[in-house]
Colleague: 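Before I ask anything, let me first share the structure, which is written out below as structure tokens.
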Amino acid sequence: MPELPEVETVARGLAKLVTGDVIESIWLGGKKEPLKSPAKVIARALENARVHRVRRVGKQIVFDLLDPAGGRSQWVVHLGMTGQMLVCPPDRELKKHTHAIAKLASGRELRFVDPRRFGRLSIAMNGDFTGTGLEPLEVDRETFIRLFRGRQTPIKSALLNQKLLGGVGNIYADEALFRAGIRPRRRAASLTREQLKKLNSSLRKVLNEAICLGGSSISDYVDAAGERGFFQMRHRVYGRAGEACVVCKAPIKRVVIAGRSSHYCPRCQK
DNA sequence: ACTATTTCCTGGATGC
DNA sequence: TGCATCCAGGAAATAG
């Protein structure tokens, strides 16, 4: 499940592999491709475009493109739950659920594979694609604190809200809350300044650590070269319901908040 | 204006 | 072994 660290890893890998390359043609799967922009718009933007830059915005991968006439556009890819962007030789076996194939001038292919089809492809023409939320690794402390002021929703839900912060998903929300000692059900508005400060630094720390380890590979997450990440070994609460807390040995609890499983230590988190 | 719930989608795990 | 059921979850849509 690609969240900020996984998407960052994929984007960095793609940047290394395809920056400067030219997309010669694009194939988009059957009728039910996961497109947000019409297939025609996507094809027009991608064909003959040079990849100027690859970056991450929130949970999205953004390819900044330059067409032969110098026109700019962005190919925006959201990996959803199970999406993969793979760069491979053209004779590599075609994975089931391949929804898009871009043929590159270098002879390789860039493939979008997504079994569960929550991923989305779209084109942005505004020249400067920005996400809906603030970047958790860039936002300053006071802005971070202000984001949650007055919100009656559980802090866990607020962290998952992409309009506030972009890129935080279920795993890193749980892990950051554990490290900050805050229960996921606490109303955002009920947290003290000190707690929000701690949450901000815990979130930064956990995201940066995860990026260093190439993200968390829970099910089918791999980077652009097909490599798995290692941060799943550092999870302290996520996916550990019933197991002993690494700090106090109390059994980790699992509850459902906003339809998402949430994991926490009943002793360490208040 | 906010917050909560439902829906989309498939593969893997579980249970009888 | 086989079949049905449940579960995972990002974000848009819908409901309250």
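Just so it is clear, the values below take in all heavy atoms, side chains as well, and ignore hydrogens, waters and symmetry mates. In what follows, every chain begins at residue 1, and chains take the letters A, B, ... in the order their sequences are listed.
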Colleague: Report yes if a side-chain nitrogen or oxygen of A:Arg260 is closer than 4.0 Å to either non-bridging phosphate oxygen (OP1 or OP2) of B:dA4; otherwise report no.
Modeller: no

Colleague: Could A:Glu8 and A:Arg12 be called an ion pair, given the rule that one side-chain N must be under 4.0 Å from one carboxylate O?
Modeller: yes

Colleague: Just how far, in rounded Å, is C1' of C:dA8 from NE2 of A:His263?
Modeller: 10 Å

Colleague: Check whether any side-chain nitrogen or oxygen of A:Arg116 sits under 4.0 Å from OP1 or OP2 of C:dG9, and answer yes or no.
Modeller: no

Colleague: Measure the shortest side-chain to side-chain distance between A:Arg240 and A:Val246 over non-hydrogen atoms and say whether it is less than 4.5 angstrom.
Modeller: yes

Colleague: Does C:dA11 have OP1 or OP2 under 4.0 Å away from a side-chain N or O of A:Lys59?
Modeller: yes

Colleague: Taking N and O atoms by type only, does the side chain of A:Arg120 place a donor or acceptor under 3.5 Å from a partner on the base of C:dG10?
Modeller: no

Colleague: Tell me: CD of A:Gln162 to C1' of C:dG9, nearest whole Å?
Modeller: 12 Å

Colleague: Is a salt bridge present between A:Glu175 and A:Arg179, judged by a nitrogen-to-oxygen distance below 4.0 Å?
Modeller: yes

Colleague: For residues A:Asp21 and A:Ser106, is any side-chain donor paired with an opposing acceptor at under 3.5 Å?
Modeller: yes

Colleague: Starting at NZ of A:Lys156 and ending at C1' of C:dG10, how long is that distance when rounded to a whole Å?
Modeller: 13 Å

Colleague: So does A:His97 get a side-chain nitrogen or oxygen closer than 4.0 Å to the phosphate oxygens (OP1/OP2) of B:dG11?
Modeller: yes

Colleague: Heavy atoms from C-beta onward define the side chain here; which of B:dG11, C:dC7, B:dC9 lies closest to that of A:Arg117?
Modeller: B:dC9

Colleague: Run through A:Arg50, A:Arg55, A:His52, A:Arg72 and flag the one making a side-chain hydrogen bond (donor to acceptor under 3.5 Å, both in side chains) with A:Asp64.
Modeller: A:Arg55

Colleague: Do the side-chain N or O atoms of A:Ser157 get closer than 4.0 angstrom to the phosphate oxygens (OP1, OP2) of B:dT3?
Modeller: no

Colleague: Look at A:Tyr238 and C:dG9 and indicate whether a side-chain polar atom (N or O) is within less than 4.0 Å of OP1 or OP2.
Modeller: yes

Colleague: For the side chain of A:Glu3, starting at C-beta, report the closest nucleotide among B:dA4, C:dG10, B:dG11.
Modeller: C:dG10

Colleague: Provide, to the nearest angstrom, the distance between the CG atom belonging to A:Leu160 and the P atom belonging to C:dA12.
Modeller: 14 Å

Colleague: Measure from NZ on A:Lys163 to P on B:dA1 and round the result to the nearest Å.
Modeller: 14 Å

Colleague: Hey, is the side chain of A:His78 poking within less than 4.0 Å of OP1 or OP2 on C:dG10, counting only N and O atoms?
Modeller: no

Colleague: Using whole Å, report how far CZ of A:Phe148 lies from P of B:dT3.
Modeller: 12 Å

Colleague: Would you say A:Gln152 places a side-chain N or O within less than 4.0 Å of OP1 or OP2 belonging to B:dT3?
Modeller: no

Colleague: Take the protein atom CD of A:Glu6 and the nucleotide atom P of C:dG9, then report the distance between them rounded to whole Å.
Modeller: 13 Å

Colleague: Pick base, sugar-phosphate or nothing for A:Lys96, based on heavy-atom distances below 4.0 Å to the nucleic acid.
Modeller: sugar-phosphate

Colleague: Stacking between A:Phe118 and the base of C:dG9 (centre distance under 5.5 Å, interplanar angle under 30°)?
Modeller: yes

Colleague: Of the options C:dA8, C:dG9, B:dT3, whose atoms approach the side-chain atoms of A:Arg254 most closely?
Modeller: C:dA8

Colleague: Strictly by modelled atom types, are A:Asp174 and A:His263 linked by a side-chain donor-acceptor pair under 3.5 Å?
Modeller: yes

Colleague: C:dG9 P sits how many Å from A:Tyr172 OH, rounded?
Modeller: 13 Å

Colleague: Just to be sure I understand the rule, does A:Ser261 reach a base, reach only the sugar-phosphate, or reach nothing, if contact means heavy atoms closer than 4.0 Å?
Modeller: sugar-phosphate

